Protein chains: 2
Amino acid sequence: MKQKKDTETNNSASNPERPLLRIPNLEYGVLDNLLGFALRRAQNTLFMDFYRATADYDISPQRFAALVLIAENKNIRQAQLAEALGLHRSGALRLVAWLSERGWVERHDDDIDARAWGVSLTQAGSTILGELTKVVQEHDFNIQRIVGDRNSQLKTDLELIAKNGLTAINVEN
Amino acid sequence: MKQKKDTETNNSASNPERPLLRIPNLEYGVLDNLLGFALRRAQNTLFMDFYRATADYDISPQRFAALVLIAENKNIRQAQLAEALGLHRSGALRLVAWLSERGWVERHDDDIDARAWGVSLTQAGSTILGELTKVVQEHDFNIQRIVGDRNSQLKTDLELIAKNGLTAINVEN
DNA sequence: TATTGTTATACTCTATAACTATA
DNA sequence: TATAGTTATAGAGTATAACAATA
């Protein structure tokens, strides 16, 4: 039964993690050779700085990404959002419901397929996204600045890994 | 009251996330400019491949890291482990309890400070860690191979970000 | 008074399974 | 029979707060 679920998602953006910094007098052994460990620590730092930068908003990287995707893709469906964000349908539902409760997005019937919603930004959502985009970009550029002119190569390499690191993972449902 | 907690932690390594891949006909807008988004996707891929590689063991990156730190640092304390892994004390307790239930680590009194445990590997833990290390390194090198001879620079840059990306984050407790 | 570890509890995220409506 | 979305529920991870023992 298709029916909007708009109430009682009382979750606030999960507070970041704690810092995951190198402790001076500790031996890290093989961890020092692992790209995975370095990636995890960089991700942790970036994550925490994201939350610092967006402290005025109850937002998360995922919520921000959802807003952008909704803004950029006219009447995107929840299932598409789920796939793009690596979520199960039920997770995408929660996310859209949360954004909807805040009045940032709205769902309307899809002309072609009566089972689906088309999700779009409201005026308020558009305003918020504008503010957020500025804040997030500034935060991200500050991080990019750390590696100087290698920032472009770094991003390219990370995208290469994202794309080519999975051989054949099956995901049901 | 210091007393070992060794029973009933019935959690198995949380199954990875779903793939977070680029969807062909979707517009990503500003997300394409963000290092954070690329980092998140690379992390997701690496994470999933870690689970694929270690599917024979009920392990996670964090559990593996804990084993290595325990092996490399004689009689490490839970609080040190917590700090090194970016966890609260209570989280480190859970982790050590889980490893202990499997007979991979053991806690003994710290000679210097009676409040603390010294955590160390058992013989069984040492064996498991040996196997795991081989598997994890192979997985990680496969990922590193994707970026060819830039793998070293990539790791360096990620460590730079991990270290310098946090200005002044306060963590209580 | 601060710190190590423990316990109990709560919250967030995400998934699974069963379901309705539509294709 | 498959797909979009919903609902209810459960599992895993992590945090907070209060506590005991020790420093």
Side-chain angles (χ1 to χ4, degrees), chain A residues 1-20 44 47 51 58-63 66 75-83 85-98 100 107-119 171-173, chain B residues 1-20 44 47 51 58-63 66 75-83 85-98 100 107-119 171-173:
Chain A
M1 189 214 301
K2 194 182 82 164
Q3 190 180 4
K4 284 178 189 129
K5 210 251 175 165
D6 256 38
T7 28
E8 42 91 15
T9 29
N10 60 332
N11 40 338
S12 63
S14 96
N15 233 19
E17 303 140 37
R18 286 155 178 260
L20 188 55
N44 179 275
F47 199 65
Y51 277 95
D58 190 14
I59 207 79
S60 65
Q62 193 177 57
R63 285 173 186 165
N75 291 328
I76 192 173
R77 296 180 189 176
Q78 285 185 189
Q80 284 185 284
L81 214 43
E83 195 187 357
L85 296 172
L87 286 173
H88 187 263
R89 314 195 290 293
S90 60
L93 163 74
R94 252 177 94 86
L95 185 52
V96 170
W98 189 91
S100 176
R107 289 174 275 196
H108 21 74
D109 287 319
D110 188 303
D111 298 331
I112 303 160
D113 188 335
R115 292 171 304 181
W117 299 113
V119 183
V171 177
E172 300 93 46
N173 220 338
Chain B
M1 189 215 304
K2 195 181 82 166
Q3 192 181 4
K4 283 179 190 128
K5 211 253 175 165
D6 255 39
T7 29
E8 41 92 15
T9 29
N10 61 332
N11 39 339
S12 63
S14 94
N15 233 20
E17 303 140 36
R18 285 155 180 261
L20 188 55
N44 179 276
F47 199 66
Y51 277 95
D58 191 13
I59 207 76
S60 66
Q62 193 176 57
R63 285 172 186 165
N75 291 329
I76 191 172
R77 296 180 190 176
Q78 284 185 191
Q80 285 185 283
L81 215 43
E83 196 187 356
L85 296 173
L87 287 173
H88 187 265
R89 312 196 292 292
S90 61
L93 163 75
R94 253 177 93 88
L95 185 51
V96 170
W98 190 91
S100 176
R107 288 175 277 196
H108 21 74
D109 287 318
D110 187 305
D111 298 331
I112 303 161
D113 188 336
R115 292 172 303 185
W117 299 113
V119 183
V171 176
E172 299 95 45
N173 221 339

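Everything quoted here is computed from the prediction, not taken from an experiment.
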Open item on the list: So, OP1 or OP2 of C/dT6: does either fall under 4.0 Å of a side-chain N or O from B/Trp117?
Closed with: yes

Open item on the list: Is it the case that the side chain of A/Arg107 and the backbone of A/Gln78 share a donor-acceptor pair, with hydrogens and angles ignored and the cut-off at 3.5 Å?
Closed with: no

Open item on the list: Can you work out whether B/Gln80 or A/Gly91 has the more 5'-proximal nearest nucleotide on DNA chain C?
Closed with: B/Gln80

- [ ] Ignoring backbone atoms, test whether B/Arg89 places a side-chain nitrogen or oxygen under 4.0 Å from the OP1 or OP2 oxygen of D/dA18.
- [x] no

Open item on the list: If I take atom CD in residue B/Gln78 and atom C1' in nucleotide C/dT3, what distance separates them, rounded to the nearest angstrom?
Closed with: 13 Å

TODO: Report the distance from atom CG of A/Asn44 to atom P of D/dT14, rounded to the nearest whole Å.
DONE: 11 Å

Task: Nearest-angstrom distance from the residue atom CZ of A/Arg94 to P of C/dC11 - done: 13 Å

- [ ] Look at the side chain of B/Arg115 and the base of C/dT4, then say whether one donor and one acceptor between them are separated by less than 3.5 Å.
- [x] no

- [ ] Take atom CG of B/Asp109 and atom P of C/dT6, then tell me their distance rounded to the nearest Å.
- [x] 11 Å

Task: Main-chain N/O of B/Leu20 paired with B/Asn44 side-chain donor or acceptor, under 3.5 Å - done: yes

Task: Which atom of B/Leu95 lies closest to which atom of B/Ala66, heavy atoms considered - done: CD2-CB, 3.9 Å

Task: Residues forming a side-chain contact (heavy atoms from CB on, under 4.5 Å) with B/Glu83, sequence neighbours excluded - done: A/Ile23

TODO: Provide, to the nearest angstrom, the distance between the CG atom belonging to A/Leu93 and the P atom belonging to C/dA18.
DONE: 19 Å

Open item on the list: What is the distance, to the nearest angstrom, from the CH2 atom on A/Trp98 to the P atom on C/dT14?
Closed with: 13 Å

Task: Whole angstrom value for the distance that separates C1' of D/dA15 from CG of B/Leu87 - done: 10 Å

Open item on the list: Does D/dA15 have OP1 or OP2 under 4.0 Å away from a side-chain N or O of A/Arg18?
Closed with: yes

Task: A/Ala79 side-chain proximity, nearest of D/dA4, C/dT6, C/dC13 - done: D/dA4

Task: Whole-Å gap separating C1' (D/dG5) and CZ (A/Arg107) - done: 9 Å

Open item on the list: Both A/Ile112 and B/Arg77 contact DNA chain C. Taking the nearest nucleotide for each, which residue is further toward the 5' end?
Closed with: B/Arg77

Open item on the list: If you compare every side-chain N and O of B/Gln62 against the phosphate oxygens of D/dT14 (OP1, OP2), does one of them come in below 4.0 Å?
Closed with: yes

Open item on the list: Check this for me: does the side-chain of A/Ser90 come within 3.5 Å of the base of D/dT6 through a donor and an acceptor?
Closed with: no

Open item on the list: Please report the interatomic distance CG(A/Leu81) to CG(A/Leu93), rounded to the nearest 0.5 Å.
Closed with: 11.0 Å

